[in-house]
Amino acid sequence: MGKDLKSLVIYYSLEGNTEFIAKNIAEEVNADLLHLQLKNNLNPNSFTKYIIGGKQVLFKQKPELKSYDIDPNEYDFIFIGSPVWAGKYVSAFNTFFNETNLSNKKIALFCCYKGQSGKTFSEFRQSLVDNIIMGEMEFKSPLELNKKINEKRVKRWAKELISKKG
Ligand SMILES: Cc1cc2nc3c(=O)[nH]c(=O)nc-3n(C[C@H](O)[C@H](O)[C@H](O)COP(=O)(O)O)c2cc1C
């Protein structure tokens with residue numbers, strides 16, 4: 001059964017860490033990718049990203065997303081990944097959850113962080129109450145620290161989750 005599941009990885013990434021994890025998952029379990037992008041993206045090379053990004057999260061803003069042509073409701077298993085911003089998931093997901101109602105999906109959560117992942121997973125769980133959360137995994141600066149180990153870790157995790165029955 002596992003192999004017949006149609007799977008998708010939905011992620012946002014400003015500096016490439018979450019993208020690195022997302023692409024490894026997609027490669028391992030043959031999933032499609034939905035990269036959420038802001039119409040007015042932050043500048044990853046400027047200190048202002050902390051001010052603007054932090055403010056977006058604290059004020060629960062819903063910045064406009066670039067349009068995409070994937071319908072998440074066509075998938076059975078969805079991996080959802082975010083960088084940790086101000087202890088939470090990024091504001092692109094505020095917009096996404098406002099636009100897209102996910103229910104009865106099998107979902108696995110992942111996040112990338114530098115210091116602490118804070119409330120990221122508990123906030124995701126609150127926004128996804130009508131779904132089944134199959135697992136969660138956090139990655140500390142995977143591009144800088146133990147890139148190869150993180151690659152192995154995420155691939156093993158994704159494969160195990162997809163092949164779980166029920
Ligand atoms: C606006 C902003 C807020 C952040 N807040 C946190 C935080 O609260 N805790 C933490 O551990 N890292 C925080 N970080 C660091 C990122 O979570 C970390 O660098 C992550 O790997 C970035 O993922 P990305 O490369 O996919 O964008 C923050 C980064 C930005 C830009």
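Heavy-atom contacts from other residues, nucleotides or ligands closer than 6.0 Å to NZ of Lys155 number more than 12. Counted within 6.0 Å of CD on Gln61, heavy atoms from surrounding residues, nucleotides or ligands total more than 12; the atom is thus considered enclosed. Enclosure of atom NZ in Lys105 by more than 12 non-hydrogen atoms of other residues, nucleotides or ligands within 6.0 angstrom is indicated. Counting non-hydrogen atoms of other residues, nucleotides and ligands closer than 6.0 Å to CG of Asn43 gives a total above 12.
Relative orientation of the Tyr11 and His35 rings is parallel, given thresholds of 30° and 60° on the angle between their planes. Ring geometry, Phe93 versus Tyr89: the interplanar angle exceeds 60°, so the pair is classed perpendicular (tilted spans 30 to 60°).
Within the 4.5 Å cutoff, the side chain of Phe77 has no heavy atoms near those of the Leu8 side chain. The shortest distance between side-chain heavy atoms of Glu19 and Leu143 does not fall below 4.5 Å. Between Met137 and Arg153, the closest side-chain pair of non-hydrogen atoms falls below 4.5 Å. By the 4.5 Å heavy-atom criterion applied to side chains, Phe79 and Ile162 are counted as neighbours. Under the 4.5 Å side-chain criterion, counting only non-hydrogen atoms from C-beta, Lys164 is not in contact with Lys106.
Aromatic pair Trp85/Tyr113: centroids not less than 6.0 angstrom apart.
The minimum heavy-atom distance linking Val57 with Ala86 is given by the pair CG1-CB, 4.2 Å. Here the shortest heavy-atom pairing between Tyr12 and Leu36 reads CD1-O, 3.3 Å. What you find for Ala22 and Leu33 is that their closest heavy atoms are O-CD2, 3.8 Å.
Each of Val154 and Ile133 belongs to its own hydrophobic cluster when Ile, Leu, Val, Met, Phe, Trp and Tyr are linked at side-chain heavy-atom distances under 4.5 angstrom. Cluster annotation: Leu161 is not connected to Phe124 through the hydrophobic network of ILVMFWY side chains, with a link wherever side-chain heavy atoms come within less than 4.5 Å. Note on Ile107: it clusters hydrophobically with Tyr75, by side-chain heavy-atom contacts below 4.5 Å among ILVMFWY residues. Tracing side-chain contacts under 4.5 Å through hydrophobic residues (I, L, V, M, F, W, Y), one never reaches Trp157 starting from Leu109; they form parts of separate clusters. Follow the hydrophobic side-chain contacts under 4.5 Å out from Phe97 and you never reach Leu58; the two are in separate clusters.
At distances below 3.5 Å, not a single donor-acceptor pair connects side-chain atoms of Asp130 with backbone N or O atoms of Asn104. In this structure a side-chain-to-backbone donor-acceptor pair under 3.5 Å is missing from Asn150 to Lys147.
Lys49 has a carboxylate O that lies under 4.0 Å from a charged side-chain N of Glu15, or vice versa, which qualifies the two as a salt bridge.
Screening Leu102, Asn131, Val9 for a side-chain contact (heavy atoms from CB on, under 4.5 Å) with Ile80, the sole residue that qualifies is Leu102. If you run side-chain hydrogen bond (donor to acceptor under 3.5 Å, both in side chains) between Ser91 and each of Gln56, Lys55, Lys62, only Gln56 comes through. With Leu65 as the partner, the side-chain contact (heavy atoms from CB on, under 4.5 Å) test is satisfied by one option alone out of Glu99, Gln37, Lys39: Glu99.
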